[in-house]
Enquirer: 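Shown below is the structure under consideration.
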Amino acid sequence: MPSSRVLYWFRTDLRISDSPALCASLSLGDIEAFYPVWCWDPSYIYGHRVGLNRWSFLLESMISLSSELTRLNREQKLLVVRSKPQEILPVLWKEWGITHVVWEKDSNAYSKIRDEEIIRLANINGVQVVCVHGRHLYDPEKVGEGYGNKPTLTLHAWQTVTSKMGKVPKPSPTPTTLPDPGITTLPQAKDKFKWEGLDMNSHIRTGHDTCYDHILGPNHDFSIPTMSQMGYSSSTTSIRGGTIQAHQCLSNFLRDPRKVATFSKPASSPTSLEPSTTLLSPYLKFGCVGVREVWWGCKDVIETYTGGGITKEPENMFGQLQFRDMYASAEAATRHFERIRGNHVSRYIDWGLQNQYDPSGHEILPRPRGDLVDEERFEAWKEGRTGFPWIDACMRQLKYEGWIHHLARHSVACYLTRGQCYISWERGMEVFDEWLIDWDPASNPGNWMWLSCSAFFSQYYRVYGLVSWPQKTDKTGQLVRKYCPELKGFPDKYIYAPHLAPESVQRQANCIIGIDYPSPSLDERTEKDRCIARLKNAFALNLHGDAAEVLDGTAAGMFRAKHAESGVSEIKEMSEKERKREEGEKRRKRSGDASLEGFFKRKKVDGGHDKGKGKEKDEEDDDVDRDVGMGEIVKGGKKKKETIQGEA
DNA sequence: CTTCTGTTGAATAG
DNA sequence: CTATTCAACAGAAG
C-alpha cells in the first residue's frame with residue numbers, strides 16, 4: 001500500500017470530536033504526513049460584512065482547535081495560510097507532495113461553487129479528494145434527492161424523507177493521536193497577497209489589516225491571526241468561542257435530564273437577561289461541537305428521565321436540530337435562496353428597499369437610496385432607535401452580544417417586514433449576517449422568509465405586538481432596562497411604551513420622550529393594518545421570486561394597481577379616541593347585546609375578573625388610567641413634546 | 001374536491 | 001390557566 005500525505009482542510013468544523021471527515025482522513029492508512037490547514041480566505045475576510053463579535057468567536061475557535069491538535073501530537077497545530085484556497089491549495093499540494101485532500105462537505109451555494117473549483121484543481125494535480133458529510137443530521141443534498149429535488153418547505157416533509165434514511169449516526173470517535181506533519185516550508189509561495197476588491201468591513205476597522213503582509217503570518221509560522229492584526233478593536237460579546245466552551249455548554253445542558261426532556265422552544269423566554277435556551281447555536285455554526293453529539297447527548301439523557309411533561313417534535317430539542325437541517329436541505333435545493341429575485345421558494349412582495357440588480361439580472365448592485373421613510377425606518381431599526389423599547393433593546397443586544405433569543409429575532413424581523421415597516425427581508429437578513437455570531441447561510445434566509453411570510457409560513461395576520469408580546473413573559477422589562485438604560489427610570493407600566501407616559505412620569509424617570517429617547521417612528525396599529533392589507537394583495541397576486549413578472553419588472557405595476565383597487569393607501573391613522581370607540585362597538589356587537597345594559601354588564605365582569613387575579617392594587621388603577629386617559633396621553637404627549645423641546 | 005395541520009399572535013371568555 | 005374566536009394563509013393528506 002502506498003503511503004499517503006494528507007491535507008485536512010478545516011472550514012465548517014473547528015473540532016476534532018464527532019468529525020466523520022477527520023476520521024475518514026485518519027483512516028486513509030500509512031499516513032506519512034498530515035497537514036491541518038485553514039485558508040484565511042480574503043474573499044470572505046473582505047467580501048462579507050462581519051461584525052467584531054463573529055470575528056473574535058472565529059479566532060477563539062481556531063485557537064481552541066489548534067491546541068486540541070497539539071494535544072494529540074505535540075508537533076501539530078493549525079496551519080493558517082493567508083490566501084484564497086483556489087490559489088494556495090494547489091501550491092501546498094505541490095510543495096508538500098500531498099496525495100489526499102480531505103474536508104467536511106458543505107452544501108450551501110457559496111461553498112459548493114468554491115469546492116467544485118477545488119475538486120477540478122485537485123483532479124488536474126492528481127490529488128485525491130475525500131469530501132465527507134458531517135455538518136447536519138442528514139446530508140442536505142441527499143434529502144433533496146429523496147424529495148424529488150424539491151426543497152423541504154415543511155418540517156413534516158423533511159421528517160418523511162429522512163425517516164427512510166435510517167437513524168441519525170452516533171458521534172464519530174474523537175481521535176487520540178495524529179500523524180506528524182511533514183516539512184512545512186513553502187519556497188514557491190508568493191510573499192504577499194494583495195486584495196483588489198471592496199473591503200466590506202472597513203467601517204469597523206480602526207487600524208490596518210496586516211494579515212496579508214506575509215502568506216504565513218508575521219513570523220512566518222502559520223499563526224492564527226489576531227483581532228489587532230486585522231485592524232480591529234476587541235469584541236463586545238460575552239460569548240466565547242472554542243471546542244472547550246462548546247462542550248461545556250452542551251454538558252451544562254445535559255446535566256439536568258428534566259431540562260432536556262421538557263425543553264420547549266416556543267415556551268422559552270425571549271425577555272430574560274440570562275439566555276433561556278442552550279446557546280449552542282454559535283458552536284454549531286462554527287462546528288465547535290458536532291450535531292450528532294448534541295442529538296445523541298440529548299437522546300441518552302432523556303433515557304434516564306422518568307418524570308412527566310416530556311416534549312415532542314417540533315418544539316423539543318430534536319425539533320430544533322431538525323429545523324436546522326430542514327433549512328439546509330431547502331437551501332441546497334433552491335437557487336438564490338438568499339435573495340428574492342430568482343428564488344422559486346420566496347413569495348414576491350413589493351417591499352421597500354429591495355435588492356437592485358444590473359440589467360442582466362444577476363449581479364446585486366450597491367443599493368441606491370430608497371424611499372426616505374423606508375430608509376429612516378430601516379436605519380432606526382438597525383440602530384435600535386425605533387422608539388419601541390422592546391425592538392430597540394433586542395437590536396442593541398444583537399449588536400453588543402452577537403446573539404438574541406430566537407423569539408426576539410422573530411419579533412424584530414416581523415416588525416421590519418410584514419408587521420410594520422414593510423421593508424424587504426433581504427435588508428434584515430444582511431444585518432443579522434453582520435452581527436449574529438451564529439449566522440447560518442441556510443437558517444437565516446429561511447427564517448427571514450418564514451417571518452416575512454415569504455415562505456414556510458403564511459399567517460400574515462398574526463403580528464407580534466410591540467408592547468403586549470414582550471409583556472407576556474416579562475412585565476418588568478428587564479431586557480429593556482439593561483440595553484436601553486435611558487429608560488430604566490420608567491415604571492413597569494410604561495417600560496414598553498414610554499411615549500404613553502404622562503409628562504410627570506417622564507420627568508420623574510429622568511427621560512423625556514422625543515429628547516432622551518426617540519418617539520415611536522411609526523404608529524404600530526396603522527402600519528400593521530396597512531401591512532396586512534398589502535400582504536393580502538400579495539397573496540392574491542401569488543407571484544414568486546422566479547416569476548416572469550418579477551424578472552421583467554412588471555410585478556411592481558401589478559402591485560400598485562392592486563393596492564389602489566383595494567384602497568390600501570386609504571388606511572389612515574386612527575386616533576386613540578376613535579379606536580377606543582370602535583373597540584367598544586365591537587365588544588357590544590360580539591356580546592349580541594347592543595344595549596347599554598349589556599355594555600355595563602360586561603364591564604362589571606371585567607372588573608371582577610381583574611380583582612380576582614390582580615395581585616397588585618396598582619393594576620386596577622392602571623386599567624382605569626388606560627380607559628380614561630390614553631387618548632389624552634397621546635395627544636398631550638405630542639403637544640407637550642413641543643413645549644418641552646421649546647424649553648430645552 | 002374537502003379536511004387537517006402548521007414550533008412560538010391577540011383579545012377575550014370561562 | 002386554558003379554550004375559543006378573530007378572519008383566513010399554504011401545503012399535504014385523503
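Residue numbers start from 1 in every chain, and the chains themselves are labelled A, B, ... in the order their sequence lines are given, proteins ahead of strands.
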Enquirer: Tell me, which pairs form a side chain to side chain donor-acceptor pair (under 3.5 Å) where one or both residues lie in residues 294-321 of chain A, sequence neighbours left out?
Expert: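 Side chain to side chain donor-acceptor pair (under 3.5 Å) check on residues 294-321 of chain A returns A/K265-A/Q320.
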Enquirer: Measure from NZ or CZ of A/R534 to the centre of the six-membered ring of A/Y422, then state whether that distance is under 6.0 Å and the direction lies within 45° of the axis.
Expert: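 Yes; both conditions hold, so A/R534 lies above the ring face of A/Y422.
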Enquirer: How many Å lie between NZ on A/K528 and P on C/dC6, as a whole number?
Expert: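 Between P of C/dC6 and NZ of A/K528: 16 Å.
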Enquirer: Of all the choices, B/dT8, C/dC9, B/dT7, which nucleotide is nearest to the side chain of A/Y461 once you look at every atom?
Expert: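 Nearest to the side-chain atoms of A/Y461, counting from C-beta on, is C/dC9.
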Enquirer: Using the test ring pair (Phe, Tyr, Trp, His ring centres under 6.0 Å), find all partners of A/Y461 that sit at least two apart in sequence or belong to another chain.
Expert: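 Checked A/Y461 against ring pair (Phe, Tyr, Trp, His ring centres under 6.0 Å); zero matches.
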Enquirer: Side chains of A/N447 and A/H410: donor-acceptor distance under 3.5 Å anywhere?
Expert: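 No, no side-chain donor-acceptor pair sits under 3.5 Å.
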Enquirer: Could you point out which residue of A/Y147, A/F456, A/Y138, A/F323 forms a ring-ring contact (aromatic ring centres under 6.0 Å, His included) with A/W158?
Expert: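 It is A/Y138, the one option of A/Y147, A/F456, A/Y138, A/F323 that forms the ring-ring contact (aromatic ring centres under 6.0 Å, His included) with A/W158.
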Enquirer: Among all residues two or more places apart in sequence or in another chain, which pass the side-chain hydrogen bond (donor to acceptor under 3.5 Å, both in side chains) test with A/H544?
Expert: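 Scan of A/H544 (side-chain hydrogen bond (donor to acceptor under 3.5 Å, both in side chains), adjacent residues dropped) gives none.
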Enquirer: Rounded off to whole Å, could you give me the CH2-to-C1' distance for the A/W390 and B/dG9 pair?
Expert: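 Rounded to the whole Å, the gap is 15 Å.
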Enquirer: Have A/E141 and A/S107 got a donor and an acceptor in their side chains that come within less than 3.5 Å?
Expert: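 No, because no side-chain N or O of A/E141 sits under 3.5 Å from a partner of the opposite role on A/S107.
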Enquirer: Any chance the side chains of A/W403 and A/T237 put a donor and an acceptor closer than 3.5 Å?
Expert: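 Per modelled atom types, A/W403 and A/T237 side chains form no pair under 3.5 Å.
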Enquirer: Describe the nucleic acid contact of A/G465 in one word from base, sugar-phosphate, nothing, applying a heavy-atom distance below 4.0 Å.
Expert: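 A/G465: backbone/sugar contact only, no base atoms under 4.0 Å.
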Enquirer: Sequence neighbours left out, what passes side chain to side chain contact (heavy atoms under 4.5 Å, CB included) with A/A413? Give chain and number order.
Expert: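 So A/A413 forms a side chain to side chain contact (heavy atoms under 4.5 Å, CB included) with A/W448, A/L451.
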Enquirer: Does a salt bridge link A/R292 with A/D18, judged by any charged N lying under 4.0 Å from a carboxylate O?
Expert: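 Between A/D18 and A/R292 there is a salt bridge, with a charged N closer than 4.0 Å to a carboxylate O.
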Enquirer: Do A/Q478 side-chain atoms and A/S272 backbone N/O form a donor-acceptor pair below 3.5 Å?
Expert: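 A pair under 3.5 Å: no.
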Enquirer: Starting at atom OH of A/Y460, determine the distance to atom C1' of B/dT8, rounded to an integer number of angstrom.
Expert: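 So the two atoms are 20 Å apart, to the nearest Å.
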Enquirer: Applying a 4.0 Å non-hydrogen cut-off, can you work out what A/K312 is touching in the nucleic acid: base, sugar-phosphate, or nothing?
Expert: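 If one applies the 4.0 Å heavy-atom cut-off, A/K312 turns out to touch nothing in the nucleic acid.
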Enquirer: CG of A/D529 versus C1' of B/dG9: gap in Å, rounded?
Expert: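 In whole Å, B/dG9 C1' lies 14 Å from A/D529 CG.
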Enquirer: Under 4.0 Å from any atom of DNA chain B, heavy atoms only: list the residues of residues 260-284 of chain A that qualify, in numerical order.
Expert: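 Per residue number, the list reads A/K265, A/P266.
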Enquirer: Please give the distance between the P atoms of B/dC4 and C/dT4 as a whole number of Å.
Expert: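 It comes out at 15 Å once rounded to the nearest Å.
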Enquirer: Using whole Å, what does the distance between atom P of nucleotide C/dC9 and atom CD1 of A/I349 come to?
Expert: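 Rounding to the nearest Å, CD1 of A/I349 and P of C/dC9 are 14 Å apart.
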Enquirer: Nearest-Å distance, CZ (A/R525) to C1' (B/dA11)?
Expert: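 Distance, rounded to whole Å: 12 Å.
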Enquirer: Near DNA chain B, which residues from residues 396-409 of chain A have a heavy atom under 4.0 Å away?
Expert: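 A/H406, A/L407 - these, ordered by number, are the residues of the stretch whose heavy atoms sit under 4.0 Å from the strand.
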Enquirer: Would you measure the distance from the C1' atom in B/dT5 across to the matching atom in C/dA8 and give it in whole Å?
Expert: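 Taking atom C1' in both B/dT5 and C/dA8, they lie 14 Å apart.
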Enquirer: At a heavy-atom distance below 4.0 Å, what parts of residues 530-539 of chain A sit against DNA chain C?
Expert: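 Per residue number, the list reads A/K536, A/F539.
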Enquirer: Could you check if a side-chain atom of A/D438 sits within less than 4.5 angstrom of a side-chain atom of A/R54, using non-hydrogen atoms only?
Expert: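 When only atoms from C-beta onward are counted, A/R54 and A/D438 do not touch, as no gap falls below 4.5 Å.
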Enquirer: What distance, rounded to whole Å, do you find between the two P atoms, one in B/dA13 and one in C/dA7?
Expert: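 Those two atoms are separated by 15 Å.
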Enquirer: Can you run through DNA chain C from 5' to 3' and write each base as (, ), [, ], | or . depending on how it pairs? Watson-Crick or G-U wobble, both distances under 3.5 Å.
Expert: ||||||..||||||
Enquirer: Specify the separation, in whole Å, of atom CZ of A/R462 and atom C1' of B/dT8.
Expert: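 Distance, rounded to whole Å: 10 Å.
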Enquirer: Does a salt bridge link A/E430 with A/R427, judged by any charged N lying under 4.0 Å from a carboxylate O?
Expert: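 A/R427 and A/E430: salt-bridged.
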Enquirer: When you compare the protein's N or O atoms with those of nucleotides 11-14 of chain C, which come within less than 3.5 Å of each other, and at what distance?
Expert:
| from | atom 1 | to | atom 2 | distance (Å) |
| --- | --- | --- | --- | --- |
| C/dA12 | OP1 | A/Y147 | OH | 2.7 |

Enquirer: How about A/I423 and A/T417: do any of their side-chain heavy atoms sit closer than 4.5 Å?
Expert: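 No, too far: nothing below the 4.5 Å cut-off.
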Enquirer: Please list, chain by chain and in numerical order, all residues satisfying salt bridge (Lys or Arg N to Asp or Glu O under 4.0 Å) with A/R341, sequence neighbours excluded.
Expert: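 A/R341 satisfies salt bridge (Lys or Arg N to Asp or Glu O under 4.0 Å) with no other residue.
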Enquirer: Find out whether A/D325 and A/V143 are in side-chain contact, i.e. whether some heavy atom of one side chain is under 4.5 Å from a heavy atom of the other.
Expert: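 Of all side-chain heavy-atom pairs linking A/V143 with A/D325, none is under 4.5 Å.
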Enquirer: Using a cut-off of strictly less than 4.0 Å between a heavy atom of the residue and any atom of DNA chain C, enumerate the qualifying residues of residues 440-459 of chain A by number.
Expert: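 Residues of residues 440-459 of chain A under 4.0 Å from DNA chain C: A/S458, A/Q459.
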Enquirer: Looking at A/F559, is A/K562 sitting on its ring face, NZ or CZ under 6.0 Å from the six-membered ring centre and within 45 degrees of the normal?
Expert: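 No, A/K562 does not sit over the ring of A/F559.
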Enquirer: Once you measure the plane-to-plane angle for A/Y460 and A/F539, does it fall in the parallel (<30°), tilted (30-60°) or perpendicular (>60°) bin?
Expert: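 A/Y460 vs A/F539 ring planes: tilted.
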Enquirer: Sequence neighbours excluded, which residues qualify as side-chain hydrogen bond (donor to acceptor under 3.5 Å, both in side chains) partners of A/Y348?
Expert: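 For A/Y348 the side-chain hydrogen bond (donor to acceptor under 3.5 Å, both in side chains) partners, ignoring immediate neighbours, are A/Q354.
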Enquirer: Send over the distance from A/Y464 OH to B/dA11 P, rounded to a whole Å.
Expert: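 Rounding to the nearest Å, OH of A/Y464 and P of B/dA11 are 15 Å apart.
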Enquirer: Would you indicate what A/E313 reaches in the nucleic acid, counting non-hydrogen atoms under 4.0 angstrom: base, sugar-phosphate, or nothing?
Expert: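 Touches nothing.
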